[in-house]
*Asks:* 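Structure in structure tokens, see below.
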Amino acid sequence: MLEDFLSDCEVVHRPPAARRTFRWFAAVSHEQVASTAPSDLDDARLLFVCRLGMAGTLLRDRPRAFALALADGGEHVGSALADVADRLLVIRQQDRFSYFIFLVQSYFMRLLLWEGELDRIALRHGTLAEALDASAPVMRNFMFVTDNEFNLVARTSAIEPPDALHRRLVETGCLSPQMIAEKRFHLPEKAFYEKEPSAITPYARLSHPLYLSHTYFGSLSMSCHVAPLTEGLKDLFGILIRHVMPLCEQQWRSQVKLNIPHYFFFEKLLEHEPVSCEYVDTQLEMAGLAADAQYKLVVLEVDEGADPEKAGRAVRAAGRLNGGDVHCFAYRAEVLALCYAPPSDCRLAHRRTLDELEEHVSGPLGIDCGVSEIFEGIENLDMAYRQAKIALGLRQTIRLQLSAAEDADRGAYLFGDALMYFLVDPAEKDERFMRFCFSHTVVEKIQAEDVANNTNYLALFWHYLNSGRNATAVASRLHLHRNTVLYHIEKIQRRFDFDLALPGARERMLLDFKAFFLTEGSESVARIFAEAPESKSAMRA
């Protein structure tokens, strides 16, 4: 750092390369020959700033100390200083000695104040962003912290990203695929990673891994677009790293929960932050999720901050849902379980989810759970979360409904059971949420498969529901045998794992059909219901 400070000065004498850490700075003038440094200070941590003529006396008196000396125009390091030359850095005097002392003192005071501010941020449980902003005047470069999945966690707000690559990082909240694809090495805990300018960015980059309990969870990085990448800058970066680590531990313990996995990607979606398609695709790949997967979200009403042991048990239990195809993570004061499956996979059926929750979570642990509808498109995660929260909010009403039907309360509440109550509530409805509630329905899926397979199950299904499940009437209307109607209805029920014998299932299907008729064009509806099922070759199988 000292060499960086003196980079504009003319160096008269430079000692052999050596790295020192100073803990005391002593300025010595002609009138003050004696050192003001404490006598018990390790000489190796002492820096004198003096005129060249005083250097020999000072360094011989403190045999391991180091001196920064100012030489007049004709002065040079001669044989008289040969015995201390390896502990002496000499520069040509450009300013008055007193003014130069002021500059050096100001520089060290600036560093001292900076470290003091970092200490205060840590003591009052501040944030990573505050530490980066406090370091901006000293480092002068754009800095940021990413987690182990390359998501942006914090950045300097006072210094804007210097190039397209880092601007994109801020806009998308994640490193670009080009940066992620760069050759990477498994760095030890205290190693720097230096990257020279390249086609990706015109500036050198410096990174350092961040470990908690010897487990890698992210890195602190810097684009060297103002201050060049020098050993002095690495020293400053090392000071910041030492102060960032306790901040990381505080933040992860209070917000991320070290005993529960956390996914910043999912949090961005839950907060409905704008994300690019490229970012979503990259994160899905790293999370092991197919782009066309189907999802269901379960909200476990347990506060990890209030009862960490119970929350830990809930996470382990929820990890057994859906055959283990689930991501469990903390969000706000709850634990969330995101189940996923390939398209047209009935493993996400509600009956199966309720059975699994009763067996593993709500039954043995006494934890209430809200369950969303099955949905497509991970970017709709915030809508699924809202569904599950609505189900929990209406749990008492759902309990009354279950008790009236002499059904047992399982402690898990489906949004489908809460939907009718939500719709009759006079409160204003959000358009995006309403579209989401009636988008991934069984009716839509049957129609899509009819188009793909040249079948017409949708018409048969509607007539069966509309006739009060009178298979004989449907058979007469569609010119089918009654057993054929029952066979196809049973096939649909097995396919999507629901039971039309249950009033709630019939109500939901009829409601989905009403939404379908409301949004579908008249020509499409006329075409669907004009074609008798027996005309479709695929339905004769």
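Values in this document were obtained by computation on a predicted structure and should not be read as measured data. Positions are given from 1 along the sequence.
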*Asks:* Would you call the rings of F513 and F516 parallel, tilted or perpendicular, taking 30° and 60° as the class edges?
*Replies:*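 Perpendicular.
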*Asks:* Under the criterion side-chain contact (heavy atoms from CB on, under 4.5 Å), which of L394, I398, L400 is the partner of Q396?
*Replies:* L400
*Asks:* Are any non-hydrogen side-chain atoms of L511 and F438 less than 4.5 angstrom apart?
*Replies:* yes
*Asks:* Which heavy atom of V302 sits nearest a heavy atom of A314, and at what distance?
*Replies:* CG1-CB, 4.1 Å
*Asks:* Hey, could you give me the SG/CZ distance between C437 and R432, rounded to the nearest 0.5 Å?
*Replies:* 11.0 Å
*Asks:* What are the two closest non-hydrogen atoms of N470 and S467, and how far apart are they?
*Replies:* N-OG, 3.2 Å
*Asks:* I'd like to check the side-chain hydrogen bond (donor to acceptor under 3.5 Å, both in side chains) partners of N466; sequence neighbours left out, ordered by chain and number.
*Replies:*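 Counting only residues at least two positions away or on another chain, N466 forms no side-chain hydrogen bond (donor to acceptor under 3.5 Å, both in side chains).
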*Asks:* Mind checking the CD-CG spacing from E171 to L152? Nearest 0.5 Å is all I need.
*Replies:* 11.5 Å
*Asks:* Do K445 and E449 meet the salt-bridge criterion of a basic N to acidic O distance under 4.0 Å?
*Replies:*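 Between K445 and E449 there is no salt bridge, as every charged N stays at least 4.0 Å from the carboxylate O atoms.
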*Asks:* Name the one of Y340, Y385, F375 that satisfies ring pair (Phe, Tyr, Trp, His ring centres under 6.0 Å) with Y295?
*Replies:*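 Looking at Y340, Y385, F375, the match for Y295 under the ring pair (Phe, Tyr, Trp, His ring centres under 6.0 Å) is F375.
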*Asks:* Would you compute the distance between atom OG1 of T172 and atom CG of N151 and round it to the nearest 0.5 angstrom?
*Replies:* 9.0 Å
*Asks:* Looking at residues at least two apart in the chain, or sitting in another chain, which of them share a side-chain hydrogen bond (donor to acceptor under 3.5 Å, both in side chains) with R508?
*Replies:* E373, D512
*Asks:* Taking atom CG of L354 and atom NE2 of H350, what is their separation to the nearest 0.5 Å?
*Replies:*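 Reported value, rounded in 0.5 Å steps: 8.0 Å.
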*Asks:* Do we see a donor-acceptor contact under 3.5 Å between the side chains of T156 and D133?
*Replies:* no
*Asks:* Testing the 3.5 Å rule here: is there a donor-acceptor pair between the side chains of R205 and Y193?
*Replies:*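 Judged by distance alone, the side chains do not pair up.
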*Asks:* Between P161 and L169, is there a side-chain heavy-atom distance shorter than 4.5 Å?
*Replies:* no
*Asks:* Taking only Lys NZ, Arg NE, NH1 and NH2, and the carboxylate oxygens of Asp or Glu, determine whether E356 and R352 approach each other closer than 4.0 Å.
*Replies:*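 Counted as a salt bridge, because a side-chain N and a carboxylate O are separated by less than 4.0 Å.
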*Asks:* To check you understand the geometry: which heavy-atom pair defines the closest contact between A134 and L118, and what is its length?
*Replies:* CB-CD2, 4.5 Å
*Asks:* Measure the OG1-CD distance between T455 and Q447 for me, rounded to the nearest 0.5 Å.
*Replies:*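 T455 OG1 to Q447 CD: 11.0 Å, rounded to 0.5 Å.
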*Asks:* For E490, give me all partners under side-chain hydrogen bond (donor to acceptor under 3.5 Å, both in side chains), at least two apart in sequence or on another chain.
*Replies:*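 Residues passing side-chain hydrogen bond (donor to acceptor under 3.5 Å, both in side chains) with E490: Q493.
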*Asks:* Side chains of R395 and E301, heavy atoms from C-beta outward: is any pair under 4.5 Å?
*Replies:* yes
*Asks:* With side-chain contact (heavy atoms from CB on, under 4.5 Å) as the test, pick out the partner of V474 among Y464, W462, F461.
*Replies:* Y464
*Asks:* Testing the basics here: between A337 and L321, what is the closest heavy-atom pair and its distance to 0.1 Å?
*Replies:*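 The pair with the smallest heavy-atom distance is CB-CD1, 4.3 Å.
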*Asks:* Does a side-chain heavy-atom distance below 4.5 Å link V485 with L478?
*Replies:*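 They are not in side-chain contact.
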*Asks:* Going by the angle between their ring planes, with limits at 30° and 60°, are F192 and F237 parallel, tilted or perpendicular?
*Replies:* tilted
*Asks:* Does any non-hydrogen side-chain atom of L270 lie less than 4.5 Å from one of L336?
*Replies:*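 Touching, per the 4.5 Å side-chain cut-off.
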*Asks:* List the atom of S221, the atom of S207, and the distance in Å for their closest heavy-atom pair.
*Replies:* OG-OG, 2.8 Å
*Asks:* Atom CG of L365 and atom CZ of R313: how far apart are they, to the nearest 0.5 Å?
*Replies:* 6.5 Å
*Asks:* Do E271 and Y331 have side-chain atoms, one donor and one acceptor, less than 3.5 Å apart?
*Replies:* yes
*Asks:* Are the side chains of R495 and V442 in touch, meaning some heavy atoms are under 4.5 Å apart?
*Replies:*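 When only atoms from C-beta onward are counted, V442 and R495 do not touch, as no gap falls below 4.5 Å.
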*Asks:* Looking only at heavy atoms, which two atoms of E358 and P364 are closest? And how far apart?
*Replies:*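 In this case the closest contact between E358 and P364 is O-CD, 3.4 Å.
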